[in-house]
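Here the structure comes first, spelled out in structure tokens, and everything after it is commentary.
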Amino acid sequence: MHEIIETLSGDRQQHIDRLVEWLRIPSISTDRQRKGDVRRAGEWIMGELATSGFDARLDETEGHPVCFASWTQAVGAPTVLIYGHYDVQPPEPLELWRHGAFEPTIEGDDLIARGATDDKGQVLALVRGVCGVLKHRGSLPVNIKFLIEGEEEIGSPNLASYIKAHSKELTADVAVISDCSQFAPGIPAITVALKGLVYLEVFVQGPNRDLHSGSFGGAVENPANALTRILGSLRDEEGRITIPGFYDDVRDLTPEEREDFASLPFDEEAFRTDLDVPQVHGEAGWTTLERKGARPTLDINGLLSGWTGEGAKTVLPAHASAKLSMRLVPDQDPRVIETLVSDHLRSLCPPSCTIEVSVHHGAEPVLVERNSHWLEAAAVAVEKGFGKTPVFIREGGSIPVVSDLKKILGIDTILLGLGLPDDNAHSPNEKFHLPDYQRGIETAAWFLDEIST
Ligand code: BES
Ligand code: ZN
């Protein structure tokens with residue numbers, strides 16, 4: 001192992017160069033005009049795996065293609081399915097980036113680009129670690145399959161049917177995903193819970209055209225007023241969501257789970273000052289870490305109506321719309337919540353307007369099985385790769401594939417976060433801390449060693 005780690009360490013610059021090349025491809029899955037670029041990013045990672053000795057191919061779906069690659073010559077040894085995504089979020093607002101979002105730039109120890117941490121950097125760390133072992137030894141101690149998709153950031157709409165159709169080929173003993181983060185700089189973590197998601201769009205229609213706000217104001221319902229009244233009523237003063245039934249299936253945290261949260265070395269003041277907010281905020285009765293990791297939330301993600309250009313325009317808008325996300329926790333079911341919330345929104349629409357609610361995407365909440373030798377092996381690997389014992393954390397983000405892997409293939413997932421909480425995922429100046437990239441590469445090699453012995 002020590003020779004392998006030395007080789008991986010010696011290849012440091014090459015690891016960075018490969019990542020930079022991949023990050024140059026603007027694989028924005030939401031953007032129809034980037035379809036070709038998304039495919040190119042899939043072809044790129046397929047090429048990487050193929051030249052490293054994997055059987056690799058790009059499979060078509062109804063949407064963006066899936067890269068599948070395997071090396072299965074370790075007869076009798078376990079099989080690990082490594083999942084990642086090569087698509088990225090849109091880079092806007094562009095003016096806030098210090099460099100082009102797709103012109104990867106190194107500042108100190110950070111590599112800055114859209115996708116640096118989410119997820120190209122993290123998934124490439126696993127790829128480089130595994131391929132480094134294969135190159136060095138000429139074989140792997142376990143069987144490895146890669147499933148790297150191009151639609152995670154749009155809710156993985158075609159992945160469940162892909163997994164069903166290829167369930168034989170995808171058979172594995174456990175899955176590993178690096179698409180989340182460490183607890184803090186110097187405190188690596190293994191994620192043991194993810195939130196689920198329901199994403200809705202609400203559209204309120206008022207008059208059939210924009211109107212003069214003096215001539216018509218007060219006589220015709222303003223859909224922006226109506227929509228903000230509706231949205232404002234969805235949470236009470238205590239930060240609790242007011243939708244009837246919303247909390248019915250929320251599993252209470254056990255006293256031990258609350259102790260786990262309390263024992264983490266969380267610096268709330270640093271969290272607050274980093275965000276420049278006068279106070280932290282959230283549902284009464286819970287700590288910041290509990291709110292972030294284990295309580296359901298409802299947030300406006302986008303709000304659109306009326307005149308938003310420069311200066312004043314006295315106008316009563318014809319319509320108003322909002323995009324809402326609800327992050328869910330065990331045992332909330334996204335399908336149940338989706339219906340509950342849509343019905344509630346419709347019931348709140350005043351008779352002077354009409355309302356439409358549409359559903360974008362969803363994901364199920366995840367709780368990782370804590371008593372597993374895979375999790376133990378991962379903790380040892382992180383300890384060796386990062387030189388520190390990992391803590392176990394619960395994250396607020398969602399990764400739709402995890403519940404599909406459990407339901408369709410029957411396997412658990414190990415969530416090995418290599419990023420940092422301030423990596424600016426989905427924000428301007430997204431970054432990946434290069435020493436963590438290297439540690440992630442070495443952790444992947446240690447993990448293979450750990451589960452093969
Ligand atoms: N990498 C994130 C998921 C994540 C974020 C895990 C933070 C842990 C902490 C992933 O790429 C992502 O952003 N997922 C989407 C899923 C959605 C589009 C269905 C999310 O959480 O918004
Ligand atoms: Zn991601």
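By convention here, the first residue in the shown sequence is residue 1. All values below were derived from every heavy atom in this structure, side-chain atoms included, with hydrogens, water molecules and symmetry-related copies excluded. Atoms within each ligand, like the ligands themselves, are counted from 1 in listed order.
- In this structure, T242 contributes its side chain and S233 its backbone to a donor-acceptor pair below 3.5 Å.
- Both the backbone and the side chain of E153 come within 4.0 Å of ligand 1, counting heavy atoms alone.
- For ligand 1, the atoms closer than 4.0 angstrom to any heavy atom of G155 are 18 (C), 19 (C).
- Formation of a donor-acceptor pair under 3.5 Å by the D173 side chain with backbone atoms of T79 is found in this model.
- Which parts of ligand 1 touch L197 is read off a 4.0 Å heavy-atom cut-off, strictly below it: atoms 17 (C), 19 (C).
- If you run side chain to side chain contact (heavy atoms under 4.5 Å, CB included) between D179 and each of D119, L416, T191, T117, only D119 comes through.
- Within the structure, the closest approach of D118 to ligand 1 falls below 4.0 Å when heavy atoms are considered.
- Per residue D179, closest N, O or S atom to the Zn ion (ligand 2): atom name OD1.
- In this structure, R394 is not positioned above the aromatic face of F261 in the sense of NZ or CZ being under 6.0 Å from the six-membered ring centre and within 45° of the axis.
- Inclusion of H85 in the first shell of the Zn ion (ligand 2) is supported: an N, O or S atom falls under 2.8 Å.
- Cation-pi check for R240 over Y247 is met; the charged atom lies under 6.0 angstrom from the ring centroid and within 45 degrees of its normal.
- Among protein heavy atoms, the minimum distance from atom 16 (C) of ligand 1 is reached at S398 O, 3.4 Å.
- Under the 3.5 Å distance criterion, the side-chain polar atoms of E430 are matched with a main-chain donor or acceptor of G115.
- Counting protein heavy atoms only, atom 8 (C) of ligand 1 is closest to C180 CB, 3.4 Å.
- The Zn ion (ligand 2) has an N, O or S atom of D118 closer than 2.8 Å.
- Classified by interplanar angle (parallel below 30°, tilted 30° to 60°, perpendicular above 60°), the ring pair H85/Y83 is tilted.
- Applying the salt bridge (charged side-chain N to carboxylate O under 4.0 Å, His left out) rule to D423 yields the partners K431; only residues at least two apart in sequence or on another chain are considered.
- Of the options E395, E152, K195, R327, the smallest heavy-atom separation from atom 22 (O) of ligand 1 is shown by R327.
- Protein heavy atom nearest atom 5 (C) of ligand 1, with residue, atom name and distance: G397 CA, 3.7 Å.
- Less than 4.0 angstrom separates some heavy atom of H85 from each of these atoms of ligand 1: 11 (O).
- Between D179 and ligand 1, a contact under 3.5 Å exists for at least one N or O pair.
- For ligand 1 and P400, the ligand atoms under 4.0 Å from any heavy atom of the residue are 19 (C).
- A donor atom on one side chain and an acceptor atom on the other are found under 3.5 Å apart for Q182 and D436.
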